[in-house]
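Atoms within each ligand, like the ligands themselves, are counted from 1 in listed order. Since this is a predicted model, take the numbers as computed values, not measurements.
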Amino acid sequence: MPGLVIVGAQWGDEGKGKVVDLLAEQADAVIRFQGGNNAGHTIVREGETFKFHLIPSGILYPGKPCVIGNGVVVDPQVLIGEIDGLRRQGIDLSGLRVSANAHVIMPYHLLLDRAGEARLGKREIGTTKRGIGPCYADKASRLGIRVQDLLDEKILRQKIAAAMEPKAPLLRDFIKDPSLDLHQMTEDYRAFGDRLAPHIADTPPIAWDALDRDRLVVFEGAQGTLLDIDHGTYPFVTSSNPVAGAACVGAGVGPKSIDEVWGISKAYCTRVGAGPFPSELHDEMGDRLREAGHEFGTTTGRARRCGWLDLVALRYAVRVNGLTGLVLTKLDVLTGIDPLPVATSYSGPEGASFEQFPYHQSVLHHVRGETVELPGWHEDITGARSLEDLPENARAYVAFIEEQLGIPVVTVGVGPGREQIIWTESASSVTRQSASA
Ligand code: GDP
Ligand code: IMO
Ligand code: MG
């Protein structure tokens, strides 16, 4: 069982960081394969909270090879800030590697992200304003700056000039912005290159070597399936592919290296930013989920929109990612909600009903989640460590999800702490391998 992909099955913030941290203990390498510092992954260990935006969530194990893959877009200033912060917390970063082929977020990407949102006005996407979209756009336009370019002043200056030239009309409003001075930018980014140099590497061989030895490699996704630029709720998406297929491209391994794909889903649903959200709650129940689940963004601090678990969207995530297991997080947040609605289909205008996730934007914007009600539970479940410890109705909730999705639930989260987790028998293909590794 060497290759395990972890992906968000909803709109992000499902609890990927916590799961990757747990799996990393047994893994030989953890590899982030897409996204950038739009991500915010929280890990709570012995009461201490760690927030990662770029660094893979395996870094808390000293010396663990943790790779920022070629598919990631890297803001070097943010990465250096994260490295310095972790060092202050006493974390060993000797295992951190950054792909020389990863693309770099530049000051003009940040300005263009902000300007793009301002131009859209009421129709804004609600991006994290971290320059993600403009950086991926430059990558596709072959105008990107890559991590390796930070090591050569002449190449760096030429590439920055070439990247900025076609953007001149768009950057006109920022002409006096000191961050756009070519000389200064080259100097600053060369200095970032020097700081990052000990970590810059040719990273795919790290994965190949571990896979050749049949060791566990965790491919860590950011964002979530419904934010995927191809398969998500376009245009209200991010600019990369958070789906499992992208793990191969963003890490440099072939599809046959992937053995398992686990999707992470909350026991309910959240979204931050604009765009369709069929099971969204606009009432006090939505506020209750937000408060109980502390649903405020790790990256931007924005309040997350909340709603019931959406099984239509999850069934879609099962197919698009080829999920072999579901990690259900935050079941504890639902304690005391009785009955407990779950969306199993969508209703649209003129009596239309959808069992499948609609592909058409104008349909998707008008559908509403149709719910069935399951019996809730009132007992505190934060101390549960096996399915048997859960109240019967909580077990029935998990079983209902398995039946609706046709895949097993491999773990259940019952609190933010790393010990607050239930491993089911279905996780054994990974845990058994890990134990024998
Ligand atoms: P990620 O982006 O997918 O890594 O998720 P975030 O870290 O942005 O958001 C998930 C939040 O839920 C974090 O604050 C976690 O500490 C927290 N969390 C994860 N699993 C659980 C769980 O099972 N129960 C509760 N109550 N909180 C959880
Ligand atoms: P993690 O990895 C939740 C959302 C933004 C916005 C859209 C596009 O923590 O789950 P972008 O800045 O990427 O161009 O914004 O995507 N978004 C996320 N939402 N979790 C994330 O990451 C997100 N990363 C981006 O809110 O709606
Ligand atoms: Mg997050």
Contact (N/O only, under 3.5 Å) between Leu331 and ligand 1: no
Distance-only N or O hit between ligand 1 and Thr329, under 3.5 Å: no
Nitrogen or oxygen atoms of Gly17 and ligand 1 under 3.5 Å apart: yes
Check: Phe277 ring centre within less than 6.0 Å of His282 ring centre: no
Results of ring pair (Phe, Tyr, Trp, His ring centres under 6.0 Å) for Phe192 - residues two or more places apart only: Tyr189
Test: Arg45 cationic atom under 6.0 Å from Tyr61 six-membered ring centre, within 45° of axis: yes
Contact residues of ligand 2 (heavy atom under 4.0 Å), by chain and number: Trp11, Gly12, Asp13, Lys16, Asn38, Ala39, Gly40, His41, Ile125, Gly126, Thr127, Thr128, Ala222, Gln223, Leu227, Val237, Thr238, Val272, Gly273, Arg302
Ligand 1 versus His53: contacting region, heavy-atom distance under 4.0 Å: neither
Option with minimal heavy-atom separation from atom 11 (C) of ligand 1, where the choices are His294, Lys18, Lys330: Lys330
Shell of protein N/O/S atoms around the Mg ion (ligand 3), taken as anything under 2.8 Å: Asp13 OD1, Gly40 O
N/O separation below 3.5 Å, Gly15 to ligand 1: yes
Polar contact flag for Gly40 and ligand 1 (N/O pairs, less than 3.5 Å): yes
Pairing residues for Tyr346 by the ring pair (Phe, Tyr, Trp, His ring centres under 6.0 Å) criterion, not counting sequence neighbours: none
